[in-house]
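The structure appears below as structure tokens.
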Amino acid sequence: MTAPLLQVTDLRTYFFTDQGVARAVDGVSFSVTPGETVALVGESGCGKTVTSLSILGLVPDPPGRILDGSSIRLRGEELVGASEERLRRLRGNEVAMIFQEPMASLNPVFTVGEQISEPLRLHLGMSKRAARERAVALLNEVGIPEPAHRFDEYPHQLSGGMRQRVMVAIAIACEPALLIADEPTTALDVTIQAQILELLAQLREHRGMAVLLITHDLGVVAEVADRVVVMYAGQVAETGTATEVFGFPSHPYTEGLLASIPRADRSGERLRPIPGVVPAPNDWPAGCRFADRCRYAWERGAAEAPPLLELETGRGEERAARCWLVAEPARRHPPIVAETEQ
Amino acid sequence: MMTTRARIVLGLTVVAAACGRDYADGGAAAVGVETFCADVAPHVDAFMARMEQEHSVTDSARYGGTVVVASIGDMVDGMNHFVSSDYTASQNQQFVNLMSLIRYDASIQPQPYLAESWEVDDPTHPSTITFHLRRDVYWHDGVRTDANDVAFTYRVVTDPETAYPNAAFWDHYVGGAEGIEVVDSFTVRVRLSPHAEYLDPWTGVSIMPRHLLEGVPVSQLKQHPYGTQCPVGNGPFVFVEHRPQESWTFKTNPAFPTDLGGRPYVDRYVYRVIPEQATLLTDLLTENIDVYLAPRADQVPEIIRSEDLDLLRSVSRSYTLVAWNARRPQLADARVRRAMTLGTNRHEIVEAQLRGYGVVANSGVPPFHWAYDPTLADSVRYDPAEARRLLEEAGWIDRDGDGVRENAEGAPLAFTLKYNQGNQYRQDIAEIMQAQLGQIGVKVQPQVMEFGTMIAQLSGEERDFDATVVGWVTEFKLDDVDLFHSSRIDQPYAFSGTRNAQMDRLLDTLQLVVDRQAAIPLWKEYQQLLLREQPYTYFYFPERLNGINKRVRGVTMDARGEWVNIKDWWIPRDKRRAVQRAAAR
Amino acid sequence: MTRYLIRRTVLAIPLVLGIATLLFFVINLAPGDPTQLMINPSMRAEVVEQMRANFGLDQSLPVRYTKWLTAFVRGDLGYSYSYNQPVSQVIAQILPNTLLLSGAALVVAFVVGVLIGIVQAVRQYSLLDQALSFVALFFYSMPSFWLALMMILVFALFARNVWDWPIYFPPSGTRSVDFAQLGTWDQIVDRARYMVLPVTSLALVLAAGIARYTRSSMLEVVRQDYVRTARAKGLRERTVILKHALRNALIPVITLFGLYLPVLFSGTVFIEYVFGWPGMGKTIIDAISLRDYPVVMGTSVIFACMVVVGNLIADVLYAVVDPRIRYE
Amino acid sequence: MPLPVGGGDAVTAVAFPGARRRTRGGRLLSAVMPGAPQLLVGRFGAGLTALLVWVGLLAVLVLRWDRVWAAVRVSSGASLDDRVALVTLVAGLAAAWVWSFRDAGKVQELRWVGVSQWVLAGRAFSRNRLAVLGAVGILILYLVALLAPFLSPYDPSALGDLLTERLVPPSTAHLLGTDHFARDVLSRVLYGARISLSIGFVAIGISVTIGTLLGAVAGFFGSWVDTVLMRIVDMVIAFPQLVLLITVIALFQPSIFLIIAVLGLTQWTGTTRLVRGEVLSLREREFIQAAGALGFSRARIIFFHLVPNVLGPVIVAATLGIGNTIVLEASLSFLGLGVQPPTPSWGTMVADGRSLMLQAWWLSTFPGLAIVFTVLAFNLVGDGLRDALDPRLRR
């Protein structure tokens, strides 16, 4: 195994508000190796976005704060507590990010070209001319026709898919080692979604850049991710390779997520959404945070918070889940499959 | 005393000999209205430059500096005497930019000015006056002032189409061209029917330049650029600049006759408009201005307290009064009106409102005037008991115990007292009257009005008012015919609408008595009659108060006005602005 | 854009004419006329009648209106009764003063207001934010004439006479009396000195309002995704705020430009009065009390035109700042 | 008002307060000292207000017993002013007591999840210290205004001895000095509160009503109705307001009602534009279209569906407007066009006292400060409301 590009260890990002402390990210650990695509999966409110913002040092402070003891290492360099100036130099340069709303993520009052040129000039010290040439090339690379013409257009003159391509162009402008893509396709049509994912896959291949893909869309994950980190209530619920997690979900939450998406290979099944909602981050349950919604829940879950338990897969892969079921597998009843059809 | 006084005619001065000017085209009337200012300005500049050379000042101990006089209102009428009805503008015409034939001295005796002497055919029964003009007075563009200017001025002011605001001055004169005869270039003769104070109009009318304004239709004179944009006078100060609502700037006239004192001491005189009294006081205290005209009496302590400032007090010709509309049944009885006066503590109002800077008035005759009867000064004092007695005698008794008197028919003794917006003094009077008359059972309802609206109501045919607080400014020639004569009862100014045969007779006679000594007993009788009739409750003659910076020396302000000796004002060298500014460097 | 502006201008013509017409009848409703105000017993009724005739006031209202309107359409605003000058000339002498005063105040107000608003938004809910809010609102809550008088007392009177400050300002006027004798540079300094107090008094009140708008607009903008994008690019915080956020936050603030013009012009009335600054506001007020109808009409129409033009400028600025806006 | 759906990760923005401590023995304490139990559990705003009202009104009752008693006695010929003051006194005491008693006994809501936006806004507002300060200030102002007959030491319009008591600086006899009529400035400032507050309140009431109606109609009907109304708005905006004011005052007798009417009738344009804008966007929203589809009448849609939803911004505008109107009245007084004497409006007092700023600073300073702090209070509340009602600006 190669040295990880990004190593997140015991990340705790809390929000201190008048209504109490919201423990949005509460002890998350995972890593990304160079060239790898890792998917961060979970429902809204699970802390995925806060995790990614924490990596970039963009958590709004106040009220948010990364707690002492958390660690985010990029190529071994500690980012927690690093100077704002250092972080700023990393952003857009070493680590870039794409956001979910291409419509809202582009500044409406500047031309597309200017927005792409900005990081080039800032991080690479390019001249206006050089930046323009490079930006046009980038636009071309992300598949925008007539890039030289588009350079001078404003975001509102582009379609949604185009805008997301522009976002990608901005993100990859400085050839970052890590691209964080926060729900990059949620706001797009299905066909465009596929195109954008395809584009990301290509770029990753050509440039050897690692991608941290944040999504609630398991379909997307299955297509592109090497490894999956499932988050629930500010914690990692389950990790493993994509094949492992999809093939053998070991956390009931992952099970639930999988059961709630339509799958071509299981047509005719009834979709089963997970009951309830993610609890509020200032009000996590004391024991297992999923206990309220868990179909297997028993006393132990309510009383005792499960740690992230290593799973022996026998297939030589790292695998872990935060569930007492790992310790007491007998409690997993009845099997999912048996209940799906009537 | 106002008869002919011969004056030694001095020989022509160098100035007089040296100048004179023609317009190239020879005809004054040819000066077009559109280009008037542009045409006139070069002549004025050239003439003044020449005069400045010829009369350069070597002794700068007194000559030099700028004096700034400020007040709340602009002289909107400007220097065009034909259309002027505003006090400040008239003063500046008379004493600053233009000249009248004669002027009053401090004791209100006529003195020569532009006219160096005059004769009357018959001192007791004058029907012609012959004026001999000075020969050394030049319009600021270099043209000499002569008899034709006087004749022109006379014809215009007596022409009804001009709508000369003080046309009434000339009631007893023969108007138009027949009334005046140009005997020679420096002699004019006017014709009149004998009347009291017949010389007075000549102290008030400023002579205007014929060569510039003849040919302008008289009804168009008001709009002529002469008045506000480029007046060309012949007085001690030369017009420089007028910024509407902001300032008038004049500079010294080096060609002003040596006989009359020669050029003024100050180089420049600026009249500034500052509409806010609080600001005016600050301006005076910070030496931004030199003279603050007519501060409020309440501001006076601050002026007195300052080491740099002086307070100049002078008697004034204006008085404040409450006019009773005797057409109203409850105010028709003279006894009721007298009770109002008796029931109002006017002395206290003078003390409180004017801080004592004023005297209680009993008529429109100002205390400094020769016609004033000092024996009447304190004849009516605050006496609520007498006031109540008079009201009861007149049948006004509080019959229902509500504190307000009623007459036999049960109509309450109540009236509204109108006053105009924005005049604190009048508002105060209204409120004090309400309080004090309330104590003798009279219900007064003060009512504020917008000025224009109020005037329309007072002078309109309906006379839509019961009583009103207003003020008048008298001329030196007193004449109340328009106020109280029964023949004028439908005219705008007959606010009170009283009819009294004795009053009519007195007013008629007083207009025609030429001899002041003979007139004095009649005036006394008239003042006594006013005390009895009470068409007005006269309040007071306020003193004119002016705040002035001590660096301005030689200032005289009296009943004649604030600008009366402005050409003699001077500023010590080290106190001048330019000198101080240079020293600060 | 040009076509849009032309269309807007053409549409404004009936608006201005409508205002003028309304105004004409409204002010003529008020009792009294200019001649009645010259109350002087020496003035005979015949004289007054003659004056009325000279002014053309002896004609009926509709006749006068038609005359005024035809002259107005030809660009002739008539003669002032009280200034004894053509109205256009009066306005030409006075309008620059008002434009100077309100223009300077507008610039100062927007610069100061926007700056304060930015600081407040960046430090939302901090002590600084609350203190600035309080101070801004404090000035905003003052009647402008009172603020102006306080300024005079403090920075003219006390500064000079009591505290002996090296810098103090003249209480009133637009220039020194010996202005004409000064050199060019001194003239500029002199005029600036006279402008400090009135401009500050006028601008303080406006700035407070602008700061409030900028603050809320900025608060909204800094939460936008594109600001996060800008940060994610690694831009300096200053660049993020002053370039990416501010440009967007200014869009709603520009609306204020149009909205504030009428406020500004009526605000100048009080400032003009207190500081003896010869301007439009005071001219209108005086003209109404003197029943100088031509001046009231002329100045009011100019006023309306300035409001219309101001709104047009706001529209143009809108398009300049926000590329999404296109006028056809 | 239109409410956004909490989008994305709303953790940072939405408030979920936890349970509050139950107030034990609160009722007992509140019966003796209203506000105290709230203070004990840390609700300083509410607690202090209740306590302040209670103690303040009690103080008035005790210290000014003679006046209060005179107002109570039917035969004393008490004026309407006195009766209003009496009712205010009694009602204020009762309100403070009853509220505190009931509030103290209540078990606090455990969760605020799912509460209405108004409650959320209320909570956001109550966290804004400046705004709460403003609100308490306004409460005190209204109490002072209504209780003026009990509070003021002298008759506000009674002339004192003009020769000896004129322009007396602040002293123990006259806390804020006397004016040029030897009237007590404190009494006039207290009575002035009624005038200034009523002017602001009534004039804005008029203008907001007109503005909301016209704005809703213009926005809802659109097309030519909108065009015509908006052209009228443009015209009113470009029409020099002062010209109209002066002319109207010249036409009629200047009175407080005239001032209120004119101020009310000239200030509605802002509200109209605001409401129109809101309605234009609301009109396209589903629930209005649904209401239309259900066949509701237009009037019903406007009044029951549109207007309530634009109320938030309108309330904000109105609150800010009250402040502006009070300032405007003061400014008119400067031109001599405001409320006319002897009615003691703050504006008139400041304007009349200004020329004596150096000789008798207390004349214009105290009413001036009264204006500044009143307007400040309204503006703080208005600003706070705007922040509170706009979910985007909430903490």
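On a predicted model such as this, the values are computed, not experimentally measured, just so you know. Below, read A as the first sequence line, B as the second, and so on, with proteins coming before strands; counting in each chain starts at 1.
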Return yes if a side-chain donor-acceptor contact under 3.5 Å exists between [X] and [Y], otherwise no.
X	Y	result
C:Thr283	C:Glu272	no
C:Gln130	C:Ser126	no
C:Thr214	C:Ser217	no

Segment of [X] engaging chain C (4.5 angstrom heavy-atom cut-off):
X	result
D:Asp383	side chain
D:Phe378	neither
D:Leu358	side chain

Side chain to side chain donor-acceptor pair (under 3.5 Å) against D:Thr365, all qualifying residues, sequence neighbours excluded: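 Partners of D:Thr365 by the side chain to side chain donor-acceptor pair (under 3.5 Å) criterion come out as none, since no residue qualifies.
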
Test side chain to side chain donor-acceptor pair (under 3.5 Å) applied to D:Tyr142 - qualifying residues, sequence neighbours left out: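 Listed in chain order: nothing, the list is empty.
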
Which atoms of C:Ser133 approach chain D - backbone, side chain, both or neither, heavy atom under 4.5 Å: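 Just its side chain gets close to chain D.
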
Portion of C:Phe138 that has a non-hydrogen atom of chain D nearer than 4.5 angstrom: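 Interface part for C:Phe138: both.
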
Between [options], which has the largest tally of heavy atom pairs under 4.5 Å with chain C?
options	result
D:Ala330, D:Gly347, D:Ser331	D:Ser331
D:Leu335, D:Asn324, D:Asp234	D:Leu335
D:Val236, D:Val327, D:Leu328, D:Ile326	D:Val327

Minimum side-chain heavy-atom gap D:Val316-D:Leu389 below 4.5 Å: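 In short, these two side chains touch, coming nearer than 4.5 Å.
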
D:Leu320 side chain reached by D:Arg386 side chain, heavy atoms, under 4.5 Å: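 Sidechains of D:Leu320 and D:Arg386: in contact.
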
Atom OH of C:Tyr213: over 12 foreign heavy atoms under 6.0 Å: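 12 or below, so no.
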
CH2/C:Trp163: more than 12 non-hydrogen atoms of other groups inside 6.0 Å: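 Yes.
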
Gap separating the CD1 atom of C:Ile302 from the OG1 atom of C:Thr98, nearest 0.5 angstrom: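 The distance works out to 11.0 Å.
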
Ring-face cation of D:Arg354 near C:Phe270 (centre distance under 6.0 Å, axis angle within 45°):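 Because its charged atom misses either the 6.0 Å distance or the 45° angle limit, D:Arg354 does not stack over C:Phe270.
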
Those residues of residues 14-27 of chain C, ordered by number, that approach chain D below 4.5 Å (heavy atom to heavy atom):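 Contacts with chain D: C:Leu15, C:Gly18, C:Ile19, C:Leu22, C:Leu23, C:Val26, C:Ile27.
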
D:Trp346 (side chain) donor-acceptor with D:Gly368 (main chain) under 3.5 angstrom: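 Not confirmed, D:Trp346 side chain does not pair with D:Gly368 backbone.
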
Basic-acidic side-chain contact under 4.0 Å: C:Arg231, C:Asp225: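 Here C:Arg231 does not pair with C:Asp225 in a salt bridge, since their nearest N and O are not under 4.0 Å apart.
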
Plane angle bin for D:Phe366 and D:Trp361 - parallel if under 30°, tilted between 30 and 60°, otherwise perpendicular: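 Rings of D:Trp361 and D:Phe366: tilted, as their planes differ by 30° to 60°.
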
Most chain D-contacting option - heavy-atom pairs closer than 4.5 Å, from C:Ile284, C:Val308, C:Val301, C:Ile285: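 Top count of heavy-atom pairs under 4.5 Å with chain D: C:Ile285.
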
Contacts with chain C made by residues 266-275 of chain D (heavy-atom distance under 4.5 Å), listed by residue number: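 Near chain C, by residue number: D:Arg273.
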
